[in-house]
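The block underneath contains the structure these notes are about, expressed in structure tokens.
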Amino acid sequence: MEKQSGNGKIGAVLVVGGGVGGIQAALDLAESGYYVYLVEKSPSIGGVMAQLDKTFPTNDCSMCILSPKLVEVASHQNVSLRTYTEIESINGEAGNFNVKLRKKATYVDWEKCTGCGVCSEWCPVVMKSEFNMGLGPRRAIYTPFPQAVPKKFVIDKEEERLCHAACRDACPLHMNVPGYIKLIAEGQNEEAYKLISATNPLPAICGRICYAPCQEACNRGQLDEPLAIRDLKRFATDDFDIEKLEVPAVEPSGKKVAIVGAGPAGLVAAHDLALKGHKAVIFEALPKPGGMLQVGIPEYRLPKELVRKEIEYITKLGVEIKTGVEIGKHISLGELRGEFNAIFIGIGAHQGMELRVPGEDLPGVVQGVEFLRNVNLGKRVRVGRKVAVIGGGNTALDCARTAKRLGAEEVAILYRRTRAEMPASVEEIDAAEAEGIKIEFLVAPSRFIGNKRLSKVELIRMKLGAPDASGRPRPVPVEGSEFQLSINTVIAALGQAAKTDFVKELGISLSKRGIIEVDPGTGATNIEGVFAGGDAVTGPAFVVDAMAAGRRAARSIDAFLSGMPLPAEEKSEPQKLTSEEIQRLKNRFGESSQHKMAEVPVEQREGFGEVTLGYSKQEACKEAERCLAGQVTGCIQCLECVDRCEAKAIDHSMKDTFEEVKVGAVVFAGGYECYNPSELYELGYGRLPNVVTSIEFERILSASGPFQGVLQRLSDGVPPQKIAFIQCVGSRDAKHNRPYCSSVCCTYAIKEAMIAKEHSTVPLDVTIFFMDLRTYGKDFDRYYERAKEESGIQFVRSKVYSVEAVDSTGDLVVKFTTEDGAIKNEKFSMVVLSVGFQSSPELVKLAKEVGIQLNPYGFCQTKPFSPVETSKPGIFVCGAFSAPKDIPETVMQASGAAGEISAFLASARKTLTKERVYPPEKDVAGEEPRIGVFICHCGINIGGYVNVPDATEFARTLPNVAYAERNLFTCSQDTQERIKKVIEEYKLNRVVVASCTPRTHEPLFRETIRKAGLNPYLFEMANIRDQCSWVHMREPDKATEKAKDLIKMAVAKARLIEPLKPLSLPVNRAALVIGGGVAGMTGALTLAEQGFEVHLIEKSNVLGGIARRIHYSLDGEDVQQFLGKLIKKVQEHPKIRVYTDTWIVDVRGYVGNFTTEIMRYRGRVIEKIDHGVAIIATGAEEYKPDEYLYGRDPRVLTQLELEEEIVKKNPDIVNCDNLVMIQCVGCRNDERPYCSRVCCNEAIKNALKLKEMKPDMNIYVLYRDIRTYGFYEEYYEEARRKGIIFLHYDLEDKPKVRQERKGSQLLLRVQVKDKVLGDEIAIDADIIALSVAMASSPDVRELAMLYKVPVNEDGFFLEAHVKLRPVDFATDGVFVCGLAHAPKSLEESIAQAKAAASRATTILVKDAIIGEGIVAFVDEALCSGCGVCEVLCPYGAIAVNRDKGVSAVNEALCKGCGTCCAACPSGAVQQRGFTRKQISVMLDAALTGV
Amino acid sequence: MTVTLSELDTRFKYDVANEPGGENIKLCFACGLCTASCPVADIDQKFNPRRIIRMVLLGMRKEVLSSDTIWFCIQCYNCQGHCPQNVDFADIMKALRSMAVREGYVAPSFVEKIKEIDVFCQKLRHEMVSAIVDSRSRGVEVEPSGLAKEALQRL
């Protein structure tokens, strides 16, 4: 990275923390010519602001205003976003730091990840979402919130999986067993079902009759007993009805596949092929589909209704089943081959094996498979009283138990080997014996005896001999051991064979035993295009094996049909645990046994009703929780994500990576954490579900929150009718080591209360319990009044003692005392704790390692005159890490820190940054439009609902469309490359993207086509996501039609769009700063130190402003000394020209090119100054009161006057006995309904100073709310400790001041009602100090007119956005700072001045400013010069040219808002890019057709 | 009624702060948690810890030290456990009581009597609790208020 550097300084900056502060600092720095590493520990930037529902005091949606900032910073070429990254160390010194970064393993390759979210959708691990404060779920693979930036996924993995998931390897279908078991353990049964059915199209069937090789392999079985995997699968299928399963839309391939046999192999093959878009037709010889599932397995083990439903779902996918059609009989295989592109043969083995025993033909001797088939097909089947079944497999047992159910009195199974060799499953054997079936071992029939009908069977005893080919001991007859048994029915269940003669027609090779020979890896026969699988290939085997064969063949057929080589199947051997692993796991989890499913008791088994009863939810959960894979926190490594990710981005082997970067400076913007109030037992948090914290409440209110913004309480989901907010939880609490004020809670509580009332579906009462209401910010007091007057929110001045449950309803009783001492118990349905700020432990640790000085509470220590500097040079701070503060102050500080750094690193500016370089722009004038249309699937966001292939086909038919394609993600990096290539290849001159919203994505695509040499305005977008797929999810057909219409409209407009050439404006690199106070001087210096020329205008004859009257700060700093130094620096700076006694007369021009006319020396000189930017820092004034005898009694002073007298050590004042201060004089009233913010601190400052001089002076402060926000609270505490008395009064009951004659004295008597005492208090004051309002400067309005910037009702300048653009104006190039913006402390003014300078720098460093291309233009022939446009234009960009009598647009000022176009009565004004013609063709396209 | 501060003893708060336990009295910011948490105030709202602190801070020496209310505190320390400013009201009560004795607002015998009441209350409580515990083992339901007479007799 390091190319060159200036003076040894490195032109890069590390920003720690990706909240709004870090983002702003990064953007300002990157725009000012520095390369930025923005490091954030979580997966996305956004910080706490992203979690907020709304922002005060405008109630804007927080995410909506933040989101564009996230995109902006992420796409900035000079910001390197390092999310999910932690800082290991910072070494070095100012100008040259070495930073070691650790990128945490994401387990997702972000280069490949498209953010589609399919992985998360399928992830079976449900965790608590940190973003939703644990109130909602997220998955182990996740992105924190939908608008996360970067939109990349991470896997939350704490430890490696504890077992080998041998189940998955053992399963022939490789089902995600750990995944669905985990979902069942978490009670997510529907999802478990969906995960199961994703790999197993016959789940209810397998959940009953699978031989469960998974269970055999289960690693838990090595500890104690294996998991009952099959039964859990069955539970999931019992709990969810397949009829509710969605049928996915699939694009047809046009290929046809014939499938012979509708058994498990054929069904799975058909299912898989259908999902690939191939048309599958199944031919089944039997009257019903299902093969052995239908005709082999008895009803009591597998209800046929389940078979019907699961097959029905497969047909819903478009599979056709023709029953009663036997290949070789009704149609020949050759005919099929002619009609279909491929064939799969899965005919099963339905031929019973003969016994080859004399008398076998006698009536009464039947074949097992035939017997079962007849029963299952509902044919009337009779059995005799005594039944013998020959065989030892599951078929034999099925026959025996079926015979019993058909009424046989005695049923015996005759088996030629012993129990140990029986191939049937143990459960079946046990069940049969339980039902009274006898099993005779080591016996075989030698002859059937009977006359016309079977009456006896002759049997011979067997013994075990040497092992045969199967590895089992061969049964050997014992000579002479024959005996006879009278019997009515014999069922021969020896085994089955396939009837495969018909395949010979095509020359398919068969084995000697008559089974079809295939390649075991692919299922391919020796004839091309013909595949086979199942029992016909393997001989009788298990259902799941046949299914796996069907799947294998389908995979091969799909490859065959697309001309790809056939994929060979990967073998995976189930792994066992080592003995050490077993021991370790036993130690950790102990042992537990399987929970068995309930069964119908033997005596109650009647007919063919199902025997097993399945699990209850609790049982299933308990059993599922035994799974070892699910025991780890976070990711269980089931690898579902790996299978799901189309981009192949998942990599479970990823490790943390380390990196070192070099930077010249560092900004700590690490933000804060919310206090956890669990330790405050009485307030009930963590103990009572309906007590929540304010940040949790934000999520409850948020539309993107866990309840979609439906206000409800947590205990029962019922909307609350009465909510209490409790303030100062974890703030102003010395007992819990949090004596500071968290500054924002009062206002956010008001906001939450108002929003709750707005959201509530029922009438809602809200009470806010507070000590002092601290709405000290700009316009916050108005907000407070609105809350009281308009929203009817109750405010109670009291600290709540306790919150208790009232009964079992979830309601709560809040205990508190009112000011007069009455104790109240009031019932509420919900309580919100307004929790305070604390700094995060990781940040504190890092700060300590770096050597930054922290205050005792873990916040960064700063000094009043350097509010963004830490104790370590080169390291800066902004936002809540320096003290609790709200968003605009954080943003101000962020810009302030950027300004400071910009000055510090000025010599290294632009040494590491990159410029965007573009190819020359192609001239498309006169060319016939050749439009390229790119349609986005957006994963499933669009593709899941809109038929994108169909829409793409449609786009191709539109006139002038030279090319159309669809992309999984049109916005992905690879697609950008592709778009460029296609523009080149197809000579496109217009591009349309149909995807999401231009709000977030238009800049990206414009950039892409610009890189391909097209003018960026030759681009049009159709929003087929937000406006189509998202709102019409339930109507996919109509959504597709609408998408087509939207595309048609966009294409229609694209035909008419033209290249636009925004103005490129040169930048005059001089700044004009208006106001020579601390803010103005600080702003001027910050710019001058970067080498920019600054003109500093001051109307009075001296620099210093109101600070000239401030002598010391609360923490004892000497303000005059600071001010003196500042003035000297400004006056001596070679780049600053100071103009005193100077007034602004006129302003012309626009950003980059202003000309301001000034009048000096009372009109004797008029000069013109050319400048690129202007900073307004005109300050404010002290209100001159006419109340409280001010001006009529010399003993009544303002605080500033008092301060001057203190400094002069006026003995009448510093030696007086009784001094009264009255707060809020002239403000927070009807005339000035705002708080002047600094007065509480100023009063305390002066009171403390007086106490220092005369400790026994009685000082009384009469206040409405003490607003010592942040760490100023310490001084309030200090004041009380010194004995200063604070008495509260209300606006309705203001103190009275009168003169009272007492003998020779004229007493100055202050009378005030003390609510705690309940009495009037009279104080005979020697001195009264009034804390008066800060009033706006009188020349504000004129200046506002000149620079075309707005002013609020109180006469303070109104910034562009109260939250995110606190020093900018909507008018580019003009900035504001200091008291001209709003009342604030010296410290805050300094930070804001640096911020304004920083914002100004982003313009001054540019060589040119590119204007907006979409601007208004005037058709002079139509314009009547009425001037409506001129009046309405908010930017002063259009004006009537008096000479010509028509309007003219100043393109440099025009923002393209369209107001003039809409207002123009003659249609003379139009907007480029949105001309009337362009809009009307869109309407035509929408309404009529092409 | 108007309280005229010039007629009061504004040194009072410093005196209380100089007593053991009274150090933090001036830190009170009148949140009222002491009163809300007080079991005595639950029974008699005339007992208002916050108001007592305010009287001290304003200098109402005579009114506080001669007041009945400073003797009502049962020293449960609940207020002290919750005060966000560590004002330690229960300890302040002890300080005020000793000042009241020292400055002659109450006779030492008065304090002795109150000590006696405290001991008596503890005994009464012990007896009544024992009676309820007994009744439980006998399986009978007993109303606590009904036990007062019986307990008084036993004492």
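In what follows, every chain begins at residue 1, and chains take the letters A, B, ... in the order their sequences are listed. Excluded from the calculations below are hydrogen atoms, water molecules and symmetry mates; all remaining heavy atoms, backbone and side chain alike, are included. None of these values were measured; they are calculated from a predicted model.
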If I measure from the heavy atoms of chain B, does [X] come under 4.5 Å with its side chain, its backbone, both, or neither?
X	answer
A/K1282	backbone
A/E1278	neither
A/D1217	neither
A/Y1276	side chain
A/I1285	side chain

Exercise. In terms of heavy-atom proximity below 4.5 Å to chain A, should B/E63 be classed as side chain, backbone, both, or neither?
Worked result: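 Neither part; nothing is under 4.5 Å.
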
Exercise. Which bit of B/R51 comes within less than 4.5 Å of chain A, counting heavy atoms only: side chain, backbone, both or neither?
Worked result: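 It is both, since atoms from each part get that close.
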
Please report the interatomic distance [atom1]([X]) to [atom2]([Y]), rounded to the nearest 0.5 Å.
X	Y	atom1	atom2	result
A/D1324	B/E7	CG	CD	8.5 Å
B/M55	A/D1319	CE	CG	8.5 Å
A/K735	B/H82	NZ	NE2	8.5 Å

For this session: Would you indicate whether A/R687, at its atom CZ, is surrounded by more than 12 heavy atoms from other residues, nucleotides or ligands within a distance under 6.0 Å?
Result: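 Yes, enclosed.
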
For this session: Report, as yes or no, whether the 6.0 Å neighbourhood of atom OH on A/Y681 holds more than 12 heavy atoms from other residues, nucleotides or ligands.
Result: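 Not more than 12 within 6.0 Å, no.
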
Problem set entry | Derivation of the side-chain contact (heavy atoms from CB on, under 4.5 Å) call for A/L1317 and B/M60 | CA-CA 11 Å; A/L1317 205 58; B/M60 300 169 81; 3.9 Å; yes

For this session: Output the residues of residues 26-50 of chain B for which the shortest heavy-atom distance to chain A is under 4.5 Å, in residue-number order; output 'none' if no such residue exists.
Result: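 Hits under 4.5 Å: B/K26, B/L27, B/C28, B/F29, B/C31, B/G32, B/L33, B/T35, B/A36, B/S37, B/A41, B/D42, B/Q45, B/N48, B/R50.
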
Exercise. Can you tell me if B/Q85 and A/R732 form a side-chain donor-acceptor pair at under 3.5 Å?
Worked result: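 No donor-acceptor contact under 3.5 Å links the two side chains.
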
